[in-house]
J.: 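The structure is given below, and queries will be raised subsequently.
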Amino acid sequence: MKDNKYFAAKEPKKTAQVLLSRANTWFDNLEMNGYLEKLRQMWAAYHGAYYSSFETSHEITFGGEQGELTQLAVNHLRNIARNILVMITATRPALQARATNNDYKSLVQTKLANGLLDYYLREKRLEDYLRRACEYAVVLGSGYIKLDWNATAGEIYDYIGEEYEMVIDPVTGEEVPLKDELGNPVIKSEGFPVHEGDVEFSNLSPFDVVFDDNLESVMDAEWVVCRSFKNKFDIIAKYPEFEDKINSLPTKEQMYSINLTRSFKSETDLIPVYEFYHKKTESMPDGRYMLFLSEDIVLLDTPMPYRQLPVFRMSSADILGSPFGYSELFDILPIQDAVNSLYSTILTNQSTFGVQNLWVPRGAD
């Protein structure tokens with residue numbers, strides 16, 4: 001029987017189950033249409049790994065049935081990619097706030113906003129995140145920046161749920177807080193700290209963002225799922241009730257099938273953390289935000305806290321009729337393979353026949 005209820009409006013576990021299923025389908029489709037392998041090839045080419053793994057990518061290697069072929073990669077693709085990146089990012093971002101009204105209060109707020117923009121560009125390294133997203137876009141077709149409000153960042157300025165030492169007032173007979181020598185209530189438990197909070201940025205690769213692949217443009221997306229990796233012990237400290245379930249989750253090195261590289265994998269405590277954002281729409285008037293690790297571990301489920309999806313995409317072009325990014329370096333990859341083949345052919349011939357061997361009879365002087 002077909003379920004006519006919108007998946008984003010279901011109970012948390014059901015929604016998480018559908019999202020994980022759609023994420024798996026997303027990667028299966030990318031694997032079948034070859035896009036995922038193209039991204040892996042681009043990653044390998046950008047780092048010079050044409051004939052072998054990254055460990056031996058910057059060496060002359062030997063191939064063929066008996067190692068008779070000398071293989072040499074001359075990585076023009078990376079040089080071109082770096083030049084494109086420098087041309088794009090050489091000029092620093094010039095963000096400037098503008099007031100929609102011309103009253104004094106709005107103009108003052110504009111000056112404050114410009115100061116904040118400069119602060120986040122310099123001190124909070126927003127410029128570095130923009131550059132990395134651009135690098136992803138140049139090499140892999142698209143790059144992403146996720147903007148979040150971290151409520152536990154910054155200094156503590158208050159506590160919620162404070163408990164005081166209570167005593168019985170001998171005059172009224174009522175229970176009142178016990179006070180110290182200065183007349184301040186004696187705190188029994190400070191409760192939960194309230195932090196100042198701050199904006200945080202993070203980069204996501206095309207391997208870490210899932211949306212509806214039936215869309216013709218990412219700008220039409222009503223929801224998005226983001227994957228990041230965090231230390232499982234930090235999560236356990238924050239959500240101790242899920243300790244056993246969190247410890248049983250696969251770690252990053254066990255998820256090689258949907259990572260950029262399968263090299264450099266060692267034991268780690270990083271586990272995947274999924275975040276689901278849904279816009280405020282007719283079907284979801286309050287939107288939705290979910291933080292979950294699996295269908296059985298939903299850590300947070302609230303209305304959408306942002307006006308728009310806090311995931312921003314950077315891409316030079318799209319594959320028409322699809323939400324997938326396209327990079328001009330995709331066209332250079334086969335040319336680079338041809339150049340490597342020609343260099344390898346020349347070096348093989350020179351290595352095999354370049355040394356002159358003279359044969360003369362012994363004693364012929």
J.: Taking S351 for the side chain and T348 for the main chain, is one N or O donor matched with an acceptor at less than 3.5 Å?
T.: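 Side chain of S351 to backbone of T348, a donor-acceptor pair under 3.5 Å: no, none is there.
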J.: Check for a donor-acceptor pair, side chain of Q336 on one end and backbone N or O of H76 on the other, with a separation under 3.5 Å.
T.: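 Indeed, once roles are kept as given, a pair shorter than 3.5 Å links the two residues.
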J.: Looking at F211 and V224, what are the two nearest heavy atoms and their distance?
T.: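 Minimum heavy-atom separation between F211 and V224: CD2-CG2, 4.4 Å.
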J.: Can you tell me how far NZ of K124 sits from CG of D118, rounded to the nearest 0.5 angstrom?
T.: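 Taking CG in D118 and NZ in K124, the distance rounds to 14.0 Å.
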J.: So, taking the atom named CG in L130 and the one named CD in E135, what distance separates them when rounded to the nearest 0.5 Å?
T.: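 Between L130 CG and E135 CD, I get 13.0 Å after rounding to 0.5 Å.
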J.: Where do M314 and A133 come nearest, in terms of heavy atoms and distance?
T.: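 That closest heavy-atom pairing would be SD-C, 4.0 Å.
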J.: Answer with yes or no whether the side chains of Y35 and D213 bring together a donor and an acceptor at under 3.5 Å.
T.: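 Judged by distance alone, the side chains do not pair up.
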J.: Does atom CD of E155 have more than 12 heavy-atom neighbours, drawn from other residues, nucleotides or ligands, at distances under 6.0 Å?
T.: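 No, the 6.0 Å shell around CD holds no more than 12 heavy atoms from other groups.
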J.: List the atom of R22, the atom of W223, and the distance in Å for their closest heavy-atom pair.
T.: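 Smallest heavy-atom distance, with atoms named: NH1-CZ2, 3.5 Å.
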J.: If I take atom CZ from residue F330 and atom CD1 from residue I319, how far apart are they, to the nearest 0.5 angstrom?
T.: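 The CZ atom of F330 sits 6.5 Å away from the CD1 atom of I319.
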J.: Describe, in one word, how the ring planes of F324 and W26 are oriented to each other, choosing from parallel (under 30°), tilted (30 to 60°) and perpendicular (over 60°).
T.: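 The arrangement is tilted - the two ring planes meet at 30° to 60°.
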J.: Would you say S316's side chain and Y326's backbone share a donor-acceptor pair under 3.5 angstrom?
T.: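 Confirmed, S316 side chain pairs with Y326 backbone.
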J.: Would you tabulate the side-chain donor-acceptor contacts of residues 230-240 under 3.5 Å, counting partners in other chains and residues two or more places apart, or write 'none'?
T.:
unit_1: N231; atom_1: OD1; unit_2: F233; atom_2: N; d: 2.8

J.: Please find the pair of heavy atoms, one from T15 and one from F276, that lie closest to each other, and give the distance.
T.: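 For T15 versus F276, the nearest heavy atoms are CG2-CE2, 4.3 Å.
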J.: Can you get from M290 to V273 by hopping between Ile, Leu, Val, Met, Phe, Trp and Tyr side chains that sit under 4.5 Å apart?
T.: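 Cluster IDs for M290 and V273 match.
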J.: Can you confirm whether more than 12 heavy atoms, excluding those of I168, are under 6.0 Å from its CD1 atom?
T.: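 More than 12 within 6.0 Å, yes.
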J.: Determine whether M304 and L299 fall in the same hydrophobic cluster, where Ile, Leu, Val, Met, Phe, Trp and Tyr are linked whenever their side-chain heavy atoms lie under 4.5 Å apart.
T.: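 Hydrophobic grouping puts M304 with L299.
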J.: Cluster question for you: counting only ILVMFWY and a side-chain heavy-atom cut-off of under 4.5 Å, with indirect links fine, are L20 and I246 together?
T.: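 As far as the 4.5 Å side-chain criterion goes, I246 and L20 are connected within one cluster.
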J.: Report the distance from atom CG of L300 to atom OG1 of T302, rounding to the nearest 0.5 Å.
T.: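 So the CG of L300 and the OG1 of T302 are separated by 5.0 Å.
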J.: Say whether S205 and D208, considering side chains only, have a donor N or O and an acceptor N or O under 3.5 Å apart.
T.: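 A donor-acceptor contact under 3.5 Å links the two side chains.
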J.: Do NZ/NE/NH1/NH2 and the carboxylate oxygens of E11 and K14 come within less than 4.0 Å?
T.: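 Not counted as a salt bridge, because no side-chain N and carboxylate O are separated by less than 4.0 Å.
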J.: Between L342 and I335, is there shared hydrophobic-cluster membership here, with clusters defined by ILVMFWY side-chain heavy atoms closer than 4.5 Å?
T.: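 No; I335 is not reachable from L342 via cluster members.
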J.: Please check if the side chain of T70 supplies one atom and the backbone of F62 the other of a donor-acceptor pair under 3.5 Å.
T.: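 Pair absent, no side-chain N/O of T70 close to backbone of F62.
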J.: Here's a test for you: under side-chain contact (heavy atoms from CB on, under 4.5 Å), which of H47, Q41, R40 qualifies with W43?
T.: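 Answer after filtering H47, Q41, R40: H47.
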J.: Ignoring hydrogens and angles, tell me if any N or O in the side chain of S327 forms a donor-acceptor pair with the backbone of V138 under 3.5 Å.
T.: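 Such a contact is found between S327 side chain and V138 backbone.
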J.: How many angstroms lie between CG in L69 and OG in S344, if you round to the nearest 0.5 Å?
T.: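 One finds 8.5 Å between CG of L69 and OG of S344.
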J.: Backbone N or O of P206 within a donor-acceptor pair of the S142 side chain at under 3.5 Å?
T.: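 A pair under 3.5 Å: no.
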J.: I'd like to know if the side chain of Y50 pairs up with that of N75 as donor and acceptor (distance under 3.5 Å, no hydrogens or angles considered).
T.: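 Yes, because at least one side-chain N or O of Y50 sits under 3.5 Å from a partner of the opposite role on N75.
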J.: For the pair D148 (side chain) and E200 (backbone), establish whether a donor and an acceptor sit closer than 3.5 Å, ignoring hydrogens and angles.
T.: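 Between the backbone of E200 and the side chain of D148 there is no qualifying donor-acceptor contact (under 3.5 Å).
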J.: What pairs of residues pass the ring-ring contact (aromatic ring centres under 6.0 Å, His included) test when at least one of them lies in residues 284-305, not counting sequence neighbours?
T.: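 Listed by first then second residue: Y274-F292, Y277-Y289.
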J.: Taking NZ, NE, NH1 and NH2 as the nitrogens, is one of them in R92 or E127 under 4.0 Å from a carboxylate oxygen of the other?
T.: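 Yes, this pair counts.
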J.: Taking everything shown except K13 itself, do over 12 heavy atoms lie less than 6.0 Å from its NZ?
T.: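 No - once you tally the heavy atoms of other residues, nucleotides and ligands closer than 6.0 Å, there are 12 at most.
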J.: Between N102 and L107, which heavy-atom pair has the shortest distance, and what is it?
T.: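 Minimum heavy-atom contact is O-CD1, 3.9 Å.
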J.: Return the minimal non-hydrogen interatomic distance between N114 and A97, and the atom names on each side.
T.: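 Heavy-atom minimum between the residues: OD1-N, 2.7 Å.
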J.: Starting at CG of N214, measure out to CG of N29 and round the result to the nearest 0.5 Å.
T.: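 Going from the CG atom of N214 to the CG atom of N29 covers 8.5 Å.
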J.: For E222 and T281, test the side chains for any donor-to-acceptor distance below 3.5 angstrom and give the result as yes or no.
T.: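 Not at all, the side chains of E222 and T281 share no donor-acceptor pair under 3.5 Å.
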J.: Mind checking whether V199 and W149 have side chains closer than 4.5 Å, heavy atoms only?
T.: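 A side-chain contact exists here, since the closest heavy-atom pair is under 4.5 Å.
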J.: I'd like to check P323 versus D318 (side-chain heavy atoms, cut-off strictly below 4.5 Å). Are they in contact?
T.: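 Answer no - side chains too far apart.
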J.: Do Y46 and R82 pair up side chain to side chain, a donor and an acceptor below 3.5 Å, judged on atom types alone?
T.: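 Checked: Y46/R82 side chains pair up, N/O donor to acceptor below 3.5 Å.
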J.: Flag this pair as yes if the NZ/CZ of K146 is under 6.0 angstrom from the six-membered ring centre of F312 and inside a 45 degree cone about the axis; otherwise no.
T.: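 No.
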J.: Verify, without hydrogens or angle tests, whether N101 (side chain) and D103 (backbone) share a donor-acceptor contact under 3.5 angstrom.
T.: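 Side chain of N101 to backbone of D103: no pair is present.
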J.: Looking at R288 and D286, is there a salt bridge between them, counting it only when a charged N and a carboxylate O are closer than 4.0 Å?
T.: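 A salt bridge is absent here (no side-chain N lies under 4.0 Å from a carboxylate O).
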J.: Is there a donor-acceptor pair closer than 3.5 Å between any side-chain N or O of S341 and the backbone N or O of D337?
T.: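 Checked: no pair found.
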